[in-house]
Amino acid sequence: MRIPCPICGQRDSREFRPKGDITYADRPAAEAGAAAWHSYLHLRDNQPGQIVEIWRHAHGCGAWISVTRNTVSHAILGAQLLRDRGQDHAG
């Protein structure tokens with residue numbers, strides 16, 4: 001599987017470390033109750049198809065990126081720097 005790093009270009013997936021669903025980037029406030037933290041840490045839909053995940057280019061530039069991937073085919077549909085995730089997510 002090849003991942004398009006926004007800084008380095010197409011790279012082998014072995015250079016990256018997956019860090020989970022993109023919702024992990026939206027942490028509850030420190031004072032949020034136990035229910036909010038339980039939901040954040042443990043409750044995921046895990047549906048097949050297109051998802052957005054957080055990956056780190058650990059053996060490359062070190063960038064944190066959001067990767068759109070199909071969990072059935074493993075096709076990479078796009079990637080962008082995590083800090084840019086509020087913008088259009090094109091691959």
Peer 1: Are T68 and I51 packed together at the side-chain level, in the sense that at least one heavy-atom pair is separated by less than 4.5 angstrom?
Peer 2: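 No. Closest side-chain heavy atoms not under 4.5 Å.
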Peer 1: Can you classify the ring geometry of Y24 versus Y40 as parallel (below 30°), tilted (30 to 60°) or perpendicular (above 60°)?
Peer 2: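 Plane angle over 60°, so perpendicular.
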Peer 1: Which heavy atom of P4 sits nearest a heavy atom of A79, and at what distance?
Peer 2: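 Shortest heavy-atom contact: O-CB, 3.3 Å.
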Peer 1: Please determine whether side chain to side chain contact (heavy atoms under 4.5 Å, CB included) holds for the pair R44 and T23, giving the CA-CA distance in whole Å, both sets of side-chain angles, and the decisive distance to 0.1 Å.
Peer 2: CA-CA 9 Å; R44 298 282 178 260; T23 57; 3.4 Å; yes
Peer 1: How about K19 and W64: do any of their side-chain heavy atoms sit closer than 4.5 Å?
Peer 2: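 When only atoms from C-beta onward are counted, W64 and K19 do touch, with a gap below 4.5 Å.
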Peer 1: Taking only residues two or more places apart in sequence, or in another chain, which ones meet R14 in a salt bridge (Lys or Arg N to Asp or Glu O under 4.0 Å)?
Peer 2: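 Residues passing salt bridge (Lys or Arg N to Asp or Glu O under 4.0 Å) with R14: D12.
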Peer 1: Can you see which heavy atom on G49 is nearest to which on V72, and at what distance?
Peer 2: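 Scanning both residues completely, I find the closest heavy atoms to be N-CG2, 3.8 Å.
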Peer 1: Tell me if the CG atom of N46 is crowded by more than 12 foreign heavy atoms within 6.0 Å.
Peer 2: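 Open: at most 12 neighbouring heavy atoms sit under 6.0 Å from CG of N46.
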Peer 1: For a side-chain hydrogen bond (donor to acceptor under 3.5 Å, both in side chains) check, start with the C-alpha distance between R17 and H59, then their side-chain angles and the critical distance, and finish with the verdict.
Peer 2: CA-CA 9 Å; R17 296 294 173 259; H59 300 289; 3.1 Å; yes
Peer 1: Please step through side chain to side chain contact (heavy atoms under 4.5 Å, CB included) for the pair H57 and I7, ending with a clear verdict.
Peer 2: CA-CA 10 Å; H57 196 176; I7 296 172; over 6 Å; no
Peer 1: What's the shortest heavy-atom distance between M1 and I76, and which atoms?
Peer 2: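 The pair with the smallest heavy-atom distance is SD-CD1, 3.8 Å.
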Peer 1: Under a 4.5 Å cut-off applied to non-hydrogen side-chain atoms, are W37 and H42 in contact?
Peer 2: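 SC-SC contact between W37 and H42 ruled out.
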Peer 1: Under the salt bridge (Lys or Arg N to Asp or Glu O under 4.0 Å) rule, collect the residues that match up with D21, sequence neighbours excluded.
Peer 2: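 Counting only residues at least two positions away or on another chain, D21 forms no salt bridge (Lys or Arg N to Asp or Glu O under 4.0 Å).
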Peer 1: Give every residue pair that meets the salt bridge (charged side-chain N to carboxylate O under 4.0 Å, His left out) criterion with at least one member in residues 48-69, sequence neighbours excluded.
Peer 2: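 Listed by first then second residue: E53-R69.
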Peer 1: May I ask you to test the I3-I65 pair for a side-chain heavy-atom distance under 4.5 Å?
Peer 2: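 Yes, close enough: below the 4.5 Å cut-off.
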Peer 1: Taking the side chain as every heavy atom from C-beta outward, state whether R2 and R11 have any pair of such atoms under 4.5 Å apart.
Peer 2: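 A side-chain contact under 4.5 Å is absent here.
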Peer 1: To the nearest 0.5 Å, what is the distance between CD (Q10) and SG (C5)?
Peer 2: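 Between Q10 CD and C5 SG, I get 10.0 Å after rounding to 0.5 Å.
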Peer 1: Side-chain contact test, heavy atoms from C-beta onward, threshold under 4.5 Å: evaluate it for W55 versus S66 and give yes or no.
Peer 2: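 Of all side-chain heavy-atom pairs linking S66 with W55, none is under 4.5 Å.
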